[in-house]
Student: 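The structure under discussion is supplied below as structure tokens; questions concerning it will follow.
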Amino acid sequence: MTILLSYVPSEPGDAAAPVAIAEAAAHGVPLVIVNALRGGALVDSHAASDEALTTLVEQARAAGVDATVERPENTDIVEAILELAEKDDVSTIVIGVRHRSPVGKLLLGSVAQRVILEAPCAVLAVKPQA
């Protein structure tokens with residue numbers, strides 16, 4: 001089994017990362033850090049820097065967790081996350097969430113909501129501290 005962290009460089013993503021590391025450490029399983037990118041996009045606000053991803057891997061290893069990074073490109077980020085979850089025999093997906101207005105949900109949809117509803121495994125949704 002594996003823990004999968006769906007990481008986006010944001011307040012919710014930064015809140016989810018230590019939770020995912022702690023889950024992997026508690027269960028003695030590897031951690032896959034996924035920074036899914038929109039294929040074909042010229043600029044992607046979901047893209048994490050190499051330095052940020054290296055820092056996450058180092059934090060995981062300091063906690064005794066074997067961590068790897070995946071950066072799949074897909075026009076559907078949720079599809080990319082779910083494909084990796086099935087491929088890597090993931091037991092839990094950890095994802096950061098944030099409050100959105102009803103209009104924001106209607107116009108933009110929600111990656112977190114789709115992952116929660118479509119994942120083949122447990123999903124741990126983490127919100128930033130108030």
Side-chain angles (χ1 to χ4, degrees):
M1 293 297 200
T2 302
I3 303 292
L4 184 149
L5 167 63
S6 177
Y7 180 75
V8 174
S10 63
E11 192 175 4
D14 292 338
V19 172
I21 292 168
E23 282 291 307
H27 296 285
V29 297
L31 174 66
V32 176
I33 302 165
V34 178
N35 181 229
L37 306 174
R38 294 189 196 281
L42 296 177
V43 177
D44 189 346
S45 62
H46 294 101
S49 69
D50 291 338
E51 294 81 18
L53 295 171
T54 298
T55 298
L56 287 174
V57 169
E58 289 171 354
Q59 290 171 350
R61 291 188 178 149
V65 174
D66 181 29
T68 58
V69 173
E70 295 275 351
R71 294 188 94 171
E73 284 193 26
N74 192 321
T75 54
D76 186 343
I77 290 176
V78 174
E79 186 178 295
I81 293 167
L82 297 179
E83 285 175 3
L84 281 171
E86 287 189 27
K87 178 185 83 94
D88 291 333
D89 193 28
V90 168
S91 57
T92 305
I93 297 172
V94 180
I95 190 165
V97 295
R98 63 186 170 95
H99 179 71
R100 298 177 54 163
S101 70
V103 173
K105 290 178 194 173
L106 177 66
L107 296 177
L108 300 174
S110 169
V111 168
Q113 181 179 359
R114 282 190 54 211
V115 169
I116 291 166
L117 294 173
E118 297 176 23
C121 58
V123 177
L124 177 55
V126 180
K127 64 181 182 176
Q129 295 290 332

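Remember, it's a predicted structure, so these values are computed and weren't measured experimentally. Values below: every heavy atom of this structure, side chains too, minus hydrogens, waters and symmetry copies.
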Student: Closest heavy-atom contact between D88 and T2?
Tutor: O-OG1, 3.2 Å

Student: Quick check for you: to the nearest 0.5 Å, what is the distance between T68 atom OG1 and L53 atom CG?
Tutor: 11.0 Å

Student: How close do A36 and I77 get, heavy atom to heavy atom, and via which atoms?
Tutor: CB-CG2, 3.7 Å

Student: Please round to the nearest 0.5 Å and tell me the distance separating atom CG of L4 and atom CD of E86.
Tutor: 12.0 Å

Student: Considering all heavy atoms of both residues, which atom of A16 and which atom of G96 are nearest to each other, and what is their separation?
Tutor: CB-N, 3.6 Å

Student: Indicate, with yes or no, if V123 and V94 share a hydrophobic cluster defined by side-chain heavy-atom contacts under 4.5 Å among Ile, Leu, Val, Met, Phe, Trp and Tyr.
Tutor: no

Student: What distance do E11 atom CD and Q129 atom CD have between them, rounded to the nearest 0.5 Å?
Tutor: 9.5 Å

Student: Check the hydrophobic clustering (I, L, V, M, F, W, Y; side-chain heavy atoms under 4.5 Å; chains of links allowed) and say if I95 and V90 are grouped together.
Tutor: yes

Student: Would the distance check show the side chain of S91 and the main-chain N or O of M1 forming a donor-acceptor pair, the cut-off being under 3.5 Å?
Tutor: no

Student: Is there side-chain contact between V34 and P72, with heavy atoms separated by less than 4.5 Å?
Tutor: yes

Student: Taking side chain as C-beta onward, heavy atoms only, is D50 less than 4.5 Å from R71?
Tutor: yes

Student: Go through T92 and H27 one step at a time and tell me if the side-chain contact (heavy atoms from CB on, under 4.5 Å) criterion holds.
Tutor: CA-CA 11 Å; T92 305; H27 296 285; over 6 Å; no

Student: By side-chain hydrogen bond (donor to acceptor under 3.5 Å, both in side chains), which residues pair with R61, not counting sequence neighbours?
Tutor: none

Student: Could you report the tightest heavy-atom contact between A15 and V126, atom names first, then the distance?
Tutor: O-CG1, 3.6 Å

Student: Give a yes or no on whether I3 and V115 share a hydrophobic cluster (residues Ile, Leu, Val, Met, Phe, Trp, Tyr; joining criterion: side-chain heavy atoms under 4.5 Å apart).
Tutor: no

Student: As a test of understanding, state which of L5, L31, I33 forms a side-chain contact (heavy atoms from CB on, under 4.5 Å) with V69.
Tutor: I33

Student: Hydrophobic cluster membership, with links at side-chain heavy-atom distances under 4.5 Å among I/L/V/M/F/W/Y: are I93 and V78 in one?
Tutor: yes

Student: Between V97 and L124, is there shared hydrophobic-cluster membership here, with clusters defined by ILVMFWY side-chain heavy atoms closer than 4.5 Å?
Tutor: no

Student: Check whether N35 reaches the backbone of Y7 with its side chain - one donor and one acceptor, N or O, closer than 3.5 Å.
Tutor: yes

Student: What is the minimum heavy-atom distance between P9 and A47, and which atoms define it?
Tutor: CG-O, 3.3 Å

Student: With sequence neighbours left out, write down each residue that passes side-chain hydrogen bond (donor to acceptor under 3.5 Å, both in side chains) with N74, or none if nothing qualifies.
Tutor: E79

Student: Assess whether side-chain contact (heavy atoms from CB on, under 4.5 Å) is satisfied between K87 and V32, documenting all intermediate values.
Tutor: CA-CA 11 Å; K87 178 185 83 94; V32 176; over 6 Å; no

Student: Over all heavy atoms of both residues, which pair between V57 and A67 is shortest? Give the atoms and the distance, please.
Tutor: CG1-O, 4.0 Å

